[in-house]
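Computed from a predicted model, the values in this text were never measured in an experiment. Naming convention: chains lettered A, B, ... in sequence-line order (proteins, then strands); numbering from 1 in each chain.
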There are 2 protein chains.
Amino acid sequence: MKKLIIASTSTVHGKGYLEYILPELSALFKGIKEILFIPYARPSGISHDEYTKIARGAFAKIGIDVIGLHEFKNPIEAINNARGIFTGGGNTFLLVKQLYDTKIISTLKNVVENGIPYFGTSAGSNIAGLTVHNTNDMPIIYPPSFNTLGFINFNINPHYLDPDPNSKHMGETRETRINEFHTLNSIPVLGLREGSWLYVKGSKIVLKGDLFARLFEKGKQPKELPPETDLSYLM
Amino acid sequence: MKKLIIASTSTVHGKGYLEYILPELSALFKGIKEILFIPYARPSGISHDEYTKIARGAFAKIGIDVIGLHEFKNPIEAINNARGIFTGGGNTFLLVKQLYDTKIISTLKNVVENGIPYFGTSAGSNIAGLTVHNTNDMPIIYPPSFNTLGFINFNINPHYLDPDPNSKHMGETRETRINEFHTLNSIPVLGLREGSWLYVKGSKIVLKGDLFARLFEKGKQPKELPPETDLSYLM
């Protein structure tokens with residue numbers, strides 16, 4: 001049975017990396033000694049080694065070892081042997097390019113659908129949806145496709161931001177961007193604010209954390225959903 | 001000889017559509033009665049007709065007619081016959097997809113390189129650069145390529161935003177995103193703040209407007225450039 005945590009962000013303001021969500025990760029990866037880390041999104045362009053070190057430092061606090069996918073000669077085999085998987089944030093386009101270049105995408109989908117627990121933050125949550133159409137990232141590299149893993153049957157907009165009523169900036173708000181998407185596409189988009197996450201178990205999806213999330217569906221008014229909302233009907 | 005205005009935004013806070021830049025447009029399109037408008041970027045998903053009407057309203061104030069590219073059966077012929085061209089902002093991915101789908105991209109490059117005056121705002125300025133790698137837009141549709149017109153030999157980041165020191169948001173700043181790009185690519189990126197534009201005449205490029213612009217070059221510290229800076233060396 002599928003088990004995932006799909007988080008808006010790795011880090012909430014004023015706390016350390018993954019600190020706010022460590023108890024949940026303890027539960028998700030219960031009984032697992034070592035998880036596989038996918039460092040491909042390289043936030044701020046840091047190396048795979050540096051990024052894996054950061055993830056390792058956080059998971060050490062809950063007694064779980066972390067090994068980077070880049071440390072394996074055969075990444076498909078590494079995915080097949082993993083007991084748990086974490087994909088960190090950074091640039092979604094770079095992450096997706098690497099998922100295709102290393103040809104792990106179908107294997108990754110397969111193991112997670114078959115019960116290997118998966119944790120994603122930010123870009124790692126974007127790829128849990130159907131496509132990367134709703135990332136906030138800059139398209140710094142051209143991936144061979146915008147299709148992703150589809151662990152859930154809708155898309156995530158991580159780091160969801162409400163419009164600032166005092167802003168004098170004329171660039172599009174997040175809501176405008178998502179509405180533009182819905183003039184072309186009917187995939188629902190869930191705006192997950194920083195500190196929110198989805199807990200997925202089998203076909204059940206529940207909104208977690210203290211904040212409301214904002215659901216955008218084509219042709220409907222956006223809805224504010226309170227914590228503990230059951231989103232399984234979107235599955 | 002090439003003549004272009006490449007603007008960060010169509011609209012500055014508190015003014016009407018194109019209002020801040022109408023005197024410059026009068027000069028750019030001097031002696032031209034009608035310009036061709038490329039409405040493909042569809043801001044907020046508005047129709048080609050609606051968008052063309054907005055552009056028409058603004059240009060009417062300086063005695064210039066506007067006709068939408070979508071009004072022509074043969075868009076390549078329309079580009080070839082245009083006396084002046086304006087590409088409006090909206091979603092860069094949608095704009096680029098349409099440029100490729102309608103097969104106008106090489107014709108558009110050709111006529112502008114040969115002296116047909118070109119005005120771009122936001123997404124219409126992104127495509128004046130080498131690639132769309134530095135757009136801020138959401139990738140709502142998959143274009144067949146990220147390569148664009150290359151009227152200038154670098155990229156624009158329109159609506160450039162400085163980091164907000166009081167922000168509690170953990171998403172990447174604009175500067176972080178551009179730096180991530182430079183871990184993969186060496187194309188210079190000019191962050192154009194709202195109200196700035198580039199005036200291009202032949203091989204000369206000058207920064208215009210009242211604001212500084214921020215230049216990012218791979219492996220160098222970003223530079224703040226004052227108005228009237230000559231950027232021809234990037235050509």
Parallel, tilted or perpendicular: ring planes of B/Tyr51 versus B/Phe37, cut at 30 and 60 degrees: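 Perpendicular.
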Aromatic ring pairing B/Tyr160/B/Phe216, orientation class (parallel under 30°, perpendicular over 60°, tilted between):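 Ring orientation, 0 to 90° scale: tilted.
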Relative to chain A, which of [options] shows the most heavy atom pairs under 4.5 Å?
options	value
B/Thr183, B/Asn185, B/Ile141	B/Ile141
B/Glu180, B/Glu194, B/Arg193	B/Glu194
B/Thr135, B/Asn179, B/Ile178, B/Leu161	B/Leu161
B/Thr9, B/Ile46, B/Thr11, B/Thr131	B/Thr11
B/His182, B/Arg174, B/Glu172, B/His133	B/His133

Please classify the contact between [X] and chain A as side chain, backbone, both or neither, with a heavy-atom cut-off of under 4.5 Å.
X	value
B/Asn157	side chain
B/Ser145	backbone
B/Ser167	backbone
B/Asn136	both

Taking atom types as modelled and ignoring hydrogens, do the side chains of [X] and [Y] form a donor-acceptor contact shorter than 3.5 angstrom?
X	Y	value
B/Asp164	B/His169	no
A/Tyr40	A/Thr87	no
B/Asn91	B/Arg42	no

Side-chain donor/acceptor of A/Ser125 to backbone N/O of A/Ala7, under 3.5 Å: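 Between the backbone of A/Ala7 and the side chain of A/Ser125 there is a qualifying donor-acceptor contact (under 3.5 Å).
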Greatest number of heavy atom pairs closer than 4.5 Å to chain B - which of A/Val132, A/Leu184, A/Thr176: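 The residue among A/Val132, A/Leu184, A/Thr176 with the greatest pair count is A/Leu184.
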Non-hydrogen side-chain atoms of A/Ile64 and A/Leu25 separated by less than 4.5 Å: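 In short, these two side chains do not touch, never coming nearer than 4.5 Å.
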